Structure formats: structure tokens, C-alpha cells
Student: 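Let me give you the structure first, and then I'll get to my questions.
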There are 2 protein chains.
Amino acid sequence: MSHIKLLKNHTLKATPQRLCILDTLQECGHATLEDVQKIISKKFPTLSLSTIYRNLNEMLQKDIVSEVKIANKKDYFELKKDKHVHLVCQNCGKIEDFEIATDDISKQIEAQTGDKVLNDTLYFDVICKDCLSAK
Amino acid sequence: MSHIKLLKNHTLKATPQRLCILDTLQECGHATLEDVQKIISKKFPTLSLSTIYRNLNEMLQKDIVSEVKIANKKDYFELKKDKHVHLVCQNCGKIEDFEIATDDISKQIEAQTGDKVLNDTLYFDVICKDCLSAK
DNA sequence: TATTATTTGCAAAAAATTAGCAATTATGCT
DNA sequence: AGCATAATTGCTAATTTTTTGCAAATAATA
Ligand SMILES: [Mn+2]
Ligand SMILES: [Mn+2]
Ligand SMILES: [Zn+2]
Ligand SMILES: [Zn+2]
């Protein structure tokens with residue numbers, strides 16, 4: 001879906017600032033606030049920091065954007081997309097999305113705890129394929 | 001292991017302030033900085049906020065303490081313990097530790113990506129047993 | 001094109017975190 | 001037990017990060 005439609009669907013005006021923020025996230029995949037700020041300052045130098053904060057918060061609220069919180073790292077933002085886990089390379093720092101079924105482990109938890117599992121958020125520290133082959 | 005030994009093993013002097021911080025984390029299981037601050041202000045009113053910051057950071061460095069980062073929540077701290085996943089009740093907010101094997105899913109990721117998986121960090125949103133039965 | 005409710009950019013406020021430094025203290029050694 | 005010393009603490013002040021208020025600008029609608 002176009003970013004314009006995405007915004008309108010969530011009753012947000014499609015301002016150039018918002019579109020720029022969405023484009024930046026799309027480009028980056030996963031970006032910290034600092035990343036977003038830095039990239040935007042080139043593409044759109046007048047876009048203010050308040051506007052970045054305000055809109056990232058709004059988009060989080062509206063679930064257009066989600067947060068990726070990795071221990072010992074700054075928080076990342078990403079466009080909301082299909083459910084996926086994150087593979088974080090400990091060598092090059094790259095963060096990759098990966099789709100995998102997590103039903104088995106959820107079922108196991110339900111069976112062993114009596115809790116009802118609604119959702120999950122999984123991170124894997126890896127050495128990525130590229131870093132492995134570069135050795 | 002006693003907290004005194006734990007500190008000494010990491011070349012940190014066993015000050016009352018540090019012991020108080022460790023006791024607080026042990027008590028709470030998982031505590032935000034705000035939690036720690038609030039609880040400590042009762043047990044040890046003269047312990048300064050700088051000292052809390054300084055020590056939590058040091059203990060993170062030394063891997064005595066770890067961070068629990070959950071989307072849409074403040075960051076939590078906990079004493080380092082055996083590997084476990086986190087079950088986060090969406091009803092009452094409780095965070096529970098749970099030990100479960102994660103080899104299967106790691107192996108699957110390795111097989112499908114060619115990456116080497118070193119470690120994982122898993123969160124599950126749940127409705128906990130207690131909240132379920134309270135309905 | 002005119003109207004209007006939203007949104008933006010700026011400047012200022014508030015909140016969170018870190019730094020500098022004199023006074024205090026835990027630890028190891030007589 | 002008492003000393004020497006490097007580490008640690010509690011302050012206060014500095015930075016950094018995030019939020020707020022508001023006039024000017026602008027996207028959406030008719
Ligand atoms: Mn992702
Ligand atoms: Mn835990
Ligand atoms: Zn890599
Ligand atoms: Zn619950």
C-alpha cells in the first residue's frame with residue numbers, strides 16, 4: 001500500500017514530512033531515531049526534530065510503525081509488516097527479518113504454564129551468512 | 001552466591017549501596033529504574049540517583065545485571081540468571097521467567113538462513129494463569 | 001478557490017542521564 | 001587494630017533527550 005493511503009487509513013494527513021519519515025523507514029528497514037534524523041536532515045533539512053518525535057510516537061500509537069528493542073542497543077523503529085523474528089548479527093550489526101512459525105514453542109509454553117499465549121517477540125543473536133563466509 | 005561474593009568476583013567493592021541495589025533487584029525480579037529508585041528511597045534514603053545509574057550501568061557492563069526490553073514498556077533490569085524467556089501478562093502486567101529449550105527453533109533458523117545462531121531473547125505476550133482463572 | 005481542522009517549526013520547558021570533584025570508605029597490608 | 005590508598009559516593013552542575021505551547025503554514029474538503 002502506498003504511504004499516502006496508509007496515512008489516510010489512519011486519519012493522518014499525508015504531509016511531506018510524514019511521507020519522508022515513512023520513506024526513510026522503508027529504506028532503512030530498521031532505523032534508530034538518530035538514523036532517521038541523520039538521513040532526513042539530508043533529504044529534507046527543514047523537517048524538525050519535534051516533528052520526527054511527534055510522528056514516530058503517533059505512528060507507534062496507530063500501529064503503523066513498531067519498535068525493535070534489542071538489549072545493549074538503541075531502540076529501532078520499523079514499518080509494521082508481517083510477523084517476523086529478528087536476526088541480529090553480532091559481527092556486522094545487521095538486523096534481518098525472518099519469518100518462521102512459532103506455534104510449537106507457544107503451545108509448549110501454554111501446556112507447561114497454563115497461560116494463554118497471544119503473541120511473541122523473538123530475537124536471535126547470530127553470525128550472519130555473509131560474515132561467516134568472509135572468515 | 002552471596003551478593004558480596006558476586007561483587008568481589010567482578011572487582012567491585014561491596015558497598016552498602018551496591019548491596020542495596022542488588023537486594024532490590026532480587027526482591028523485585030524485574031524492576032524499572034523508577035522501581036529501583038522508589039524502593040531504595042525507603043530502604044536507604046541517602047543513596048543517590050547518580051549511584052543507582054552508575055552502578056546499574058557498571059553491573060550491565062560486567063554482566064551481573066541484564067536488561068529486559070519490552071515494546072511499549074519501560075526498560076527493566078534483573079539480576080543475571082540462568083537463561084530464560086519472559087512471559088508478559090497483557091492483563092495484569094506481571095513478567096514471569098520461564099525456562100524452555102529453544103534449540104529447535106534455532107536449528108531451524110540455521111538450516112534456513114545459513115547463519116550461525118549464538119543466543120536468543122524471547123518474549124511472549126500472555127494472559128497468565130491467574131488472570132485466566134479470575135475471569 | 002475559500003474554509004477549517006491539522007500539522008509544522010521554532011523556542012522554551014521538562015525529564016533523563018552523565019560528568020566533575022571533594023569527602024568518605026572498603027580493602028589489603030603492616 | 002590501625003594505615004595507606006584507590007575506589008566509590010553524594011552532591012551539584014552540565015548534557016542530552018524528549019515533550020510542550022503556540023503562531024504560521026498547509027492538506028483536505030466542498
Ligand atoms: Mn523487522
Ligand atoms: Mn527474567
Ligand atoms: Zn554479519
Ligand atoms: Zn496476569
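Numbers restart at 1 for each chain; the letters A, B, ... are given by sequence-line order, proteins then strands. Just so it is clear, the model here is predicted, and its values are computed rather than measured.
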Student: Stepwise, does the salt bridge (Lys or Arg N to Asp or Glu O under 4.0 Å) test hold for K116(B) with E110(B)?
Tutor: CA-CA 6 Å; K116(B) 170 76 189 153; E110(B) 291 187 340; 3.6 Å; yes
Student: Any donor-acceptor pair under 3.5 Å linking the side-chain atoms of T11(B) with those of K62(B)?
Tutor: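 Note: K62(B) and T11(B) side chains meet the donor-acceptor criterion.
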Student: What is the distance, to the nearest angstrom, from the CD atom on E58(B) to the P atom on dT8(D)?
Tutor: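 So the CD-P distance, E58(B) to dT8(D), works out to 6 Å.
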Student: Figure out the CG/C1' separation between L33(A) and dT16(D), and round it to whole Å.
Tutor: 12 Å
Student: If you measure only the distance, is there a donor-acceptor pair under 3.5 Å linking the side chains of K81(B) and S66(B)?
Tutor: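 No, no side-chain donor-acceptor contact under 3.5 Å.
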Student: Without decimals, in angstroms, what is the distance between L49(A) CG and dT16(D) C1'?
Tutor: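 Spelled out: CG on L49(A) to C1' on dT16(D) is 11 Å.
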Student: Have a look at R18(B) and say if it touches a base, only the backbone sugar-phosphate, or nothing, with a 4.0 Å heavy-atom cut-off.
Tutor: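 The answer is sugar-phosphate, as R18(B) gets under 4.0 Å only of primed atoms, P, OP1 or OP2.
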Student: Round to the nearest Å and state the distance from L47(B) atom CG to dG10(D) atom P.
Tutor: 5 Å
Student: Does the distance from a Lys or Arg side-chain N to an Asp or Glu carboxylate O, for K94(B) and D130(B), drop under 4.0 Å?
Tutor: yes
Student: Let me know the distance between CG of N55(A) and P of dT19(D), rounded to the nearest Å.
Tutor: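 N55(A) atom CG is separated from dT19(D) atom P by 13 Å.
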Student: Less than 6.0 angstrom separating the ring centers of H86(B) and Y123(B), yes or no?
Tutor: yes
Student: What residues from residues 6-17 of chain B pass a heavy-atom cutoff of under 4.0 Å to DNA chain D?
Tutor: L12(B), K13(B), T15(B), Q17(B)
Student: Does atom CG of L132(B) have more than 12 heavy-atom neighbours from other groups under 6.0 Å away?
Tutor: yes
Student: Assess, by modelled atom type and distance only, whether the side chains of H30(B) and D35(B) contain a donor and an acceptor separated by less than 3.5 Å.
Tutor: no
Student: Distance alone, cut at 3.5 Å: any donor-acceptor contact between the side chains of K43(A) and T24(A)?
Tutor: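 Checked: K43(A)/T24(A) side chains pair up, N/O donor to acceptor below 3.5 Å.
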Student: If we count only N and O atoms by modelled type, under 3.5 Å, do the side chains of H3(B) and Q26(B) hold a donor and an acceptor together?
Tutor: yes
Student: Could you state the CG-C1' distance from D75(A) to dT16(D), rounded to the nearest angstrom?
Tutor: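 Distance check: D75(A) CG to dT16(D) C1' gives 16 Å.
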Student: Between which nucleotides of DNA chain C, 5' to 3', does chain A make heavy-atom contacts below 4.0 Å?
Tutor: dA5(C) to dA11(C)
Student: In whole Å, what is the span from the CZ atom of F44(A) to the P atom of dA25(D)?
Tutor: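 Computing the F44(A):CZ to dA25(D):P distance gives 15 Å.
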Student: Tell me: CG of N57(B) to C1' of dT16(D), nearest whole Å?
Tutor: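 From N57(B) CG to dT16(D) C1': 14 Å.
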